[in-house]
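Just so it is clear: chains get the letters A, B, ... in the order the sequence lines come, proteins before strands, and each one is counted from 1. Only a predicted model underlies this, so the values are computations on that prediction, with no experimental measurement involved.
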There are 2 protein chains.
Amino acid sequence: MTNSKKYHHGDLTKSLLDSASSLIKEHGVESLSMRKLADVVGVSRTAPYHHFKDKNALLCALAEKGFYEQEELLCQLLKQTLPTADLFKQYVHLYLEYAQQHSETYDLMYGRVIWKAGTPTDSLVAASRQTFKTWIDWVEKLQQENILPADNSALRIGQTTWASLHGLARFYLDGIYLDKEDLSGMVDQMIKNLCRSPH
Amino acid sequence: MTNSKKYHHGDLTKSLLDSASSLIKEHGVESLSMRKLADVVGVSRTAPYHHFKDKNALLCALAEKGFYEQEELLCQLLKQTLPTADLFKQYVHLYLEYAQQHSETYDLMYGRVIWKAGTPTDSLVAASRQTFKTWIDWVEKLQQENILPADNSALRIGQTTWASLHGLARFYLDGIYLDKEDLSGMVDQMIKNLCRSPH
DNA sequence: TCGCAATGTTGACACCGTCAAGATAAGTTT
DNA sequence: AAACTTATCTTGACGGTGTCAACATTGCGA
């Protein structure tokens with residue numbers, strides 16, 4: 001009964017994000033409500049509104065955390081000393097693994113809820129831009145090493161390549177046209193598609 | 001004042017679908033409520049429930065209509081007498097054009113709301129399967145004519161190819177990492193990616 | 001120590017999906 | 001034509017949602 005019931009919570013912002021994160025992981029983002037979240041954290045309905053402007057802002061914060069996580073993961077990979085081709089292969093596998101293991105976060109990061117139905121926070125936009133830039137930079141290197149096609153700008157190739165991965169992730173996550181056991185084979189085929197050399 | 005206010009509506013099912021369709025087209029699917037829909041159609045809150053089990057069922061019906069529309073559109077294209085390679089190119093353009101012009105329906109057809117958060121109706125599943133099968137059959141032909149890569153089954157190539165298109169559509173529709181004026185260039189690049197011949 | 005800003009609370013409002021019970025109309029059987 | 005059944009539509013109600021306004025408590029800097 002050390003900290004059973006003080007008026008001020010301590011670090012509510014962090015608690016909210018943590019609980020929200022595990023709630024959406026378990027029950028999906030559409031069943032997350034501000035009221036339930038507040039209840040789980042042990043605080044009144046409207047307390048969260050002193051830490052996040054509204055629900056959209058909280059979701060944006062979750063997505064932003066996701067971008068940092070994902071970028072950290074991928075940067076970690078790039079530090080390994082492997083042939084670049086193998087590195088790219090692993091990158092693709094890792095990308096889909098992340099989407100799989102953090103599916104709800106992935107949905108927030110790249111999904112409609114924030115980007116179309118809602119309004120992305122400035123700092124979320126910044127984080128996503130940062131991630132995109134890192135990606136494009138790497139694409140440039142991959143083009144130079146003749147792993148990705150060089151018949152267009154790094155931007156274009158980066159866009160189409162990422163779009164392909166994203167489409168795969170979405171079909172898998174939404175469970176349409178893709179059985180779980182198919183995924184591994186699909187990823188391998190996708191890599192072949194993406195890397196197939198032009199001539 | 002011919003049909004101003006009779007107790008029975010006439011063809012409420014159709015009216016609901018039509019109004020719902022135009023409502024989501026204008027204001028997005030997340031702002032569609034059964035109550036507002038009923039109000040627009042000029043009927044009481046719960047009348048729609050005599051025609052659709054619940055909101056999910058109504059959305060499924062909209063998605064199903066979308067599948068028929070899309071398939072009709074594509075079948076129409078396939079009847080043209082063009083070199084197969086050009087036909088495929090047009091197919092891709094048409095696919096993205098459909099996604100663009102019926103973005104809300106496209107979201108329902110392939111999105112999370114029905115397939116993950118909700119429960120797809122049996123007849124919706126049937127319609128989507130049908131569409132998928134038609135696609136795979138055509139992929140087989142494209143492989144034989146050496147337009148799509150033949151280094152894997154029609155199923156796999158069909159899955160990855162579609163996933164790529166789908167990813168492009170989603171990035172575009174959700175407005176992340178893709179400016180509108182980039183789309184055309186991206187589609188062309190994507191076609192090159194998909195068609196690039198293996199050797 | 002005082003006062004203010006940060007953080008928490010309860011109350012209220014306008015929405016939402018949808019169930020239950022009753023009213024009305026159309027269709028079917030006698 | 002009358003009676004019964006079924007499809008359709010209505011109002012009332014319940015529990016859930018996001019979030020605004022007003023008020024209470026606390027911690028911190030002057």
Has the side chain of A:Arg45 got a donor or acceptor that lies under 3.5 Å from a partner of the other kind on the base of C:dG11? yes
Quick one: B:Leu37 CG to C:dT18 C1', roughly how many Å, whole number? 14 Å
Could you tell me the separation between the CZ atom of B:Phe52 and the P atom of C:dT18, rounded to a whole number of Å? 13 Å
Name all residues meeting the side chain to side chain contact (heavy atoms under 4.5 Å, CB included) criterion together with B:Ala20; count only those two or more places apart in sequence or in a different chain, and write none if there are none. B:Leu32, B:Leu37, B:Leu58, B:Leu62
Specify the separation, in whole Å, of atom CD of B:Glu30 and atom C1' of D:dG18. 15 Å
Decide, yes or no, whether a salt bridge links B:Lys14 with B:Asp18 under the criterion of side-chain N to carboxylate O below 4.0 Å. yes
State whether B:His50 places a side-chain N or O below 4.0 Å from either non-bridging phosphate oxygen (OP1 or OP2) of D:dT10. no
Mind calculating the distance between CG (B:Leu59) and C1' (C:dG17) to the nearest angstrom? 12 Å
A:Lys53 NZ - C:dT7 C1' separation (whole Å): 19 Å
Nucleotide N/O to protein N/O under 3.5 Å, stretch nucleotides 14-16 of chain C:
unit_1 : atom_1 : unit_2  : atom_2 : d
C:dC16 : OP1    : B:Ser33 : OG     : 2.8

Shortest side-chain distance from A:Tyr49, nucleotide among C:dT7, C:dT10, D:dG18: D:dG18
To the nearest angstrom, the CG-P distance between A:Asp39 and C:dG8 comes to 15 Å
Lys/Arg-Asp/Glu bridge criterion (N-O < 4.0 Å) met for B:Arg112, A:Glu30: yes
Which side-chain N or O atoms in residues 122-135 of chain B pair as donor and acceptor under 3.5 Å with protein atoms at least two apart or in another chain?
unit_1   : atom_1 : unit_2   : atom_2 : d
B:Ser123 : OG     : B:Glu64  : OE1    : 2.7
B:Ser128 : OG     : B:Val125 : O      : 2.9
B:Gln130 : NE2    : B:Glu71  : OE2    : 3.4
B:Thr131 : OG1    : B:Glu71  : OE1    : 3.4
B:Thr131 : OG1    : B:Ala127 : O      : 3.1
B:Lys133 : NZ     : B:Asp137 : OD2    : 3.3
B:Thr134 : OG1    : B:Glu71  : OE2    : 2.6
B:Thr134 : OG1    : B:Gln130 : O      : 2.8
B:Trp135 : NE1    : B:Gly158 : O      : 3.1

Could you check whether the rings of A:Phe67 and A:Tyr110 sit parallel, tilted or perpendicular, using 30° and 60° as the cut-offs? perpendicular
Between B:Thr84 and B:Glu145, is a side chain to side chain donor-acceptor pair (under 3.5 Å) present by the stated rule, with each step listed? CA-CA 8 Å; B:Thr84 319; B:Glu145 303 216 16; 2.9 Å; yes
Classify the ring geometry of B:Phe88 against B:Trp138: parallel below 30°, tilted from 30° to 60°, perpendicular beyond 60°. tilted
Taking side chain to side chain contact (heavy atoms under 4.5 Å, CB included) as the definition, give me every residue that meets it alongside A:Gln80, ordered by chain and number, with sequence neighbours left out. A:Leu77, A:Leu82, A:Leu87, A:Gln90
Give the rounded distance in Å between these two atoms: CG of A:Leu12 and P of D:dT26. 16 Å
Please give the angle, rounded to 10 degrees, between the axes at the start and the end of the helix from C:dT1-D:dA30 to C:dT30-D:dA1, where five pairs define each axis. 10°
Partners passing side chain to side chain contact (heavy atoms under 4.5 Å, CB included) against A:Asp39 (at least two apart in sequence or in another chain): none
